[in-house]
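From a predicted model like this one, the values you see are computed outputs, not experimental measurements. Residues take their numbers from the sequence shown, with the count starting at 1.
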Amino acid sequence: MTQNQPEQHEGLEAFLQHFFGVGNGVWPGLDPDYRFKDRTLPFVEALRRGDDAPAVLPRAYTDRDRFVVYVIAREPGERAKTAELIRAFAGPTYITYDEQVGIQPVWLDPADPVEQAIRDYAGERTTFRLETGRTLEHRRNLAGALELMQRTQARRPPRMWRVAKPIGRLLAEFDAALSAGAETASSVVLDHLAASGVTAANLANLRIKRLDRLGRSEELLQLPELADVVQQNLPLPVREAILNAVHAALEQPLAEGDLLTARARLEERGRFVPALLQTAVGDFGTPALSVLLLAATVLEDLPALRRLAGAVHSQAHTDALPPLLWQEAQRVLAEGDAVAEPRADVAPGPQVADDDDTPQAGQSVDSWPAFLAAVAAGSSEGTAAIEERRWSAWSPPADHDAVLANLLDGLENQAAEEVWRSVGAFIEAVGYEAPAGLTAHAFVRNAVAFDRFGPGDLAALQALAEIALRAAPSAKTYAELLDEIGAYRSRWVSPERAAIALDFVDRLFLAACPDQQSRATLAYDLLEPLWRHQQRLNEADLAFARRLSGEMDVPFSWQERAVSDGDQESPLSDLPSMKVLLYSLDEAVLTRCAEEIKQLAPGVDAARSSDHVGSAQLRQKARSADLVVIATRCAKHAATGFITQHARTQHIVYADGSGSASMLRAAVTGLRSAAGSR
C-alpha cells in the first residue's frame, strides 16, 4: 500500500468499490454525481496518490446510526507510529478510547462486507476503527483532524520512525505488564517493541513468553516463526514455554496412564521437541520435564534419559510425574544399560549436576541483592539472570527486604532507571506469598520519580502497592505510601483509566488500615475525577465506583446507568442465564467480582477458582462455562493452560490487571459478547 504502482491500480480501485459498496453509505459506489462526495474525496485521492501517510476512509453504516473512520497503517511495522499520529491529531478530543489500553488496531469482522474488503486489501491488525459523537459536528471535526494528519505526514520528508521510549524501557514495561497480569497492556507494549527495532528472534521470544502466561498453547504452537526459533540458543523460559504448550496436548492421556495415546499426540504436536532434547533442563517444571522424558523414552536416547532422570531426582519431581511415564523411562534406561558395557557410575545425579552447573556468564549473580546490583549497573550478568529466570531458584526477596530497599533508595538516576528492568521479576517472585513490603515501597518511589505511568507500568504500580500494603506497614509508612501514589494522580487518573484507579481503591478497602485519614484522602482523590466525568464511565466501572464510594464512605452521588454515544444496550439484568468461570489467585478479588456480577446480572452464575494446578473440579467448571475470565498475575501455566484446554466456549477473556475492577470490566465485556453470539 506504500506506492501507487501501475500494477496495483486495478486492485486499489477494486478495493475502493467494495469499501464504498454494500454497508457503507458515506459515498455509495463512488458515484461521481453524489452531492456529498467532496467530504470523502480528499481521503480517496490521498490513497490513490500513495501519499506517505496512513490511509483514512470514513464509513456511515446503512443499517444504523453509526459513523466510524478506518485508519490503515501503511504496513504492520508502522502500527505503533500510526497510533501515535492518531493520538497527536485526534486524541481524546475527537475520539473515544481507553487510555490504559491506548489506541489499538482492531480485529475486522469477516461477516461485514466493508471490513472484509479492508482485510483482503490490507490484511489483519493494521487497521484502527475510530468512533466519535453522533452529531454531524462531531463527525466533521474528526474528519478534519484526520485530513490534517494526512496532509502533514505526507509533506514531511521520509524518515525512520523511532518510538519515544528506548528499547530497554519498553522491555522493562513488557516484563512488568506480564508479571502484573496486564494482558492488554502487554500486547500494547509488544506492538511498540515490534516498531522499535527489536530483532525478529527476540520479538518471537517475547510473544512465546506472553502466550505461555496466557495458557494459549495451541496459538503458541501455530506461530509461523517457531521453526526458526527452536534452532537458536533460547533462554530457559522460552524453551519451557514451548514444552508447556506441547504438554497441554499430552496432559490427559499421561494422567490416565495411556502412554500409547500420549506418544501419538507427541508425534502430532511435538515436532520441535527433539531440537530441545539435548539442552540443560535447569529449573524446568513437571510439565516440561514430562514432555522431554516421553520424547527421550520414545527415541531411546539414553544420554538424554540419564540427564533427565538426574534432574527429576535432584529437583524432587519423582512424585509429581505420571507414574507410568516414570516407570517406562526407568525401564528403557535399565534395558539400555544392560546392553551397554557395565558401568560403576550409572547413577545419573552427579552427571546432571555437572551438566546443569557448567559455569556460564552470570553464574556469580546468585541472590536478590547481587541481582538488583547487577541490573542497576547495566551488566550482562543482570540481563542474563532476568532472561533465564535464575531468580526463581533463590531465597525469596522477603529474606533480604531491608537490604534490597536500601539498595534501591541509594541508587543514582541512571542506575535507578536501569533497575526498573527487574520489577517484573520481583513481582513474580513475591507472588501472593511472604511480601517484601519495604522493597515494594522502594519500587513505588522509583516509579513515581521517573513518571512511570505507561499501561504496563501502572499495572506494576498497582501490584507493588498491593505487596507493600499486605506487609502491614506502620501508620507512618502507610501514609507515605498512599501520599506517593496520589501525588501525581492527575497524570494517570481518568475515565479511560478508571479500572486501574478503582483497583487501587479496592486494595485500600481490602488491606489493613493503620491511618484512616490517609486512606480516606487517597480514596477521595482517586474517585473524584471519575465522579466528575461519570458520564464517560462504562457500566462495569460505574457500578464498581458506586460500590467503593459506599464502602469507603466517600459521599459521591453516582448515576444509575452508564451513558454511551453508541448503540443503546439492554441492561445487564436482562442478560440470559449463563455460567461464568472467574480465575485468579487472589480469592478476595474473586469474591468481590462474583458479588458484583450477581448484583448486575442476576441470571449469571459465577463460579470461582484459585487452583494452582488442574483438577477434576476445575475441568468441570471450565467445560460448563459460557464465559471464562482469567487474571494472570502470578498464575501458573499449569492452571491457565488447563483452563484454556478444557474450556468448550470460545469466550475466554483476560483481566487487564489483578484487581476486582479489572476483573469485573473483563467479565462484563465477555458477558455482552457471549450473550450476543447466542
Side-chain angles (χ1 to χ4, degrees), residues 1 11-51 53-74 78-79 82-83 85-87 89-98 103-151 153-154 564-569 673 676:
M1 202 174 73
L12 173 59
E13 292 304 316
F15 160 63
L16 290 172
Q17 287 294 330
H18 284 102
F19 181 86
F20 291 105
V22 177
N24 189 355
V26 78
W27 186 0
L30 295 175
D31 181 357
D33 298 324
Y34 187 63
R35 60 176 180 162
F36 298 122
K37 71 173 185 179
D38 290 344
R39 298 176 182 173
T40 308
L41 185 59
F43 300 120
V44 174
E45 289 181 336
L47 182 55
R48 285 171 170 163
R49 286 193 304 267
D51 287 352
V56 176
L57 294 171
R59 176 187 185 181
Y61 283 72
T62 55
D63 59 348
R64 54 189 136 155
D65 183 16
R66 186 186 183 193
F67 176 81
V68 302
V69 179
Y70 297 99
V71 179
I72 308 172
R74 288 160 47 84
E78 293 194 356
R79 290 178 297 192
T82 303
L85 287 172
I86 294 170
R87 185 192 306 275
F89 284 88
T93 303
Y94 300 121
I95 60 176
T96 56
Y97 63 91
D98 184 340
I103 299 171
Q104 288 294 299
V106 295
W107 292 105
L108 298 168
D109 183 0
D112 183 321
V114 176
E115 296 200 347
Q116 179 57 40
I118 301 174
R119 293 175 80 240
D120 290 340
Y121 180 68
E124 283 282 18
R125 298 295 286 166
T126 61
T127 303
F128 300 79
R129 187 195 301 119
L130 309 182
E131 300 200 41
T132 187
R134 303 181 75 174
T135 69
L136 182 59
E137 181 181 4
H138 285 146
R139 297 172 182 182
R140 285 176 174 169
N141 287 339
L142 176 58
L146 294 176
E147 186 179 353
L148 176 62
M149 177 194 76
Q150 275 195 318
R151 289 200 310 268
Q153 187 65 15
S564 172
D565 278 337
D567 298 330
Q568 292 299 309
E569 294 179 308
S673 177

- Note on the structure: Contacts of Gln17 meeting side chain to side chain contact (heavy atoms under 4.5 Å, CB included) (sequence neighbours excluded), chain-then-number -> Leu30
- Contacts of Tyr34 meeting side chain to side chain donor-acceptor pair (under 3.5 Å) (sequence neighbours excluded), chain-then-number -> none
- Message: My understanding is that only residues two or more places apart in sequence, or in another chain, count here; which of them pass side chain to side chain donor-acceptor pair (under 3.5 Å) with Gln150?
- Response: none
- Identify, with sequence neighbours excluded, every residue that meets salt bridge (charged side-chain N to carboxylate O under 4.0 Å, His left out) alongside Arg39. none
- Message: Among residues at least two apart in sequence or on other chains, which ones pass salt bridge (charged side-chain N to carboxylate O under 4.0 Å, His left out) with Asp112?
- Response: Arg59
Using a 4.5 Å cut-off on heavy atoms from C-beta on, say whether the side chain of [Y] contacts that of [X].
X      : Y      : result
Val106 : Glu115 : no
Val68  : Tyr61  : yes
Leu85  : Val71  : no

- Message: Could you check whether any side-chain N or O of Thr132 sits under 3.5 Å from a backbone N or O of Tyr94, counting only pairs where one atom can act as donor and the other as acceptor?
- Response: yes
- Query: Between the main-chain N or O of Asp51 and the side-chain N or O of Arg74, is there a donor-acceptor pair closer than 3.5 Å?
  - Reply: yes
- Plane angle bin for Tyr70 and Phe19 - parallel if under 30°, tilted between 30 and 60°, otherwise perpendicular: perpendicular
Please table the atom pairs, donor to acceptor, closer than 3.5 Å between any side-chain atom in residues 140-147 and protein atoms at least two apart or in another chain.
{"from": "Asn141", "atom 1": "ND2", "to": "Glu137", "atom 2": "O", "distance (Å)": "3.3"}
{"from": "Glu147", "atom 1": "OE2", "to": "Arg151", "atom 2": "NH1", "distance (Å)": "3.4"}

- Item | Reference residue Val56; test side chain to side chain contact (heavy atoms under 4.5 Å, CB included); the match among Leu47, Val69, Val44 | Val69
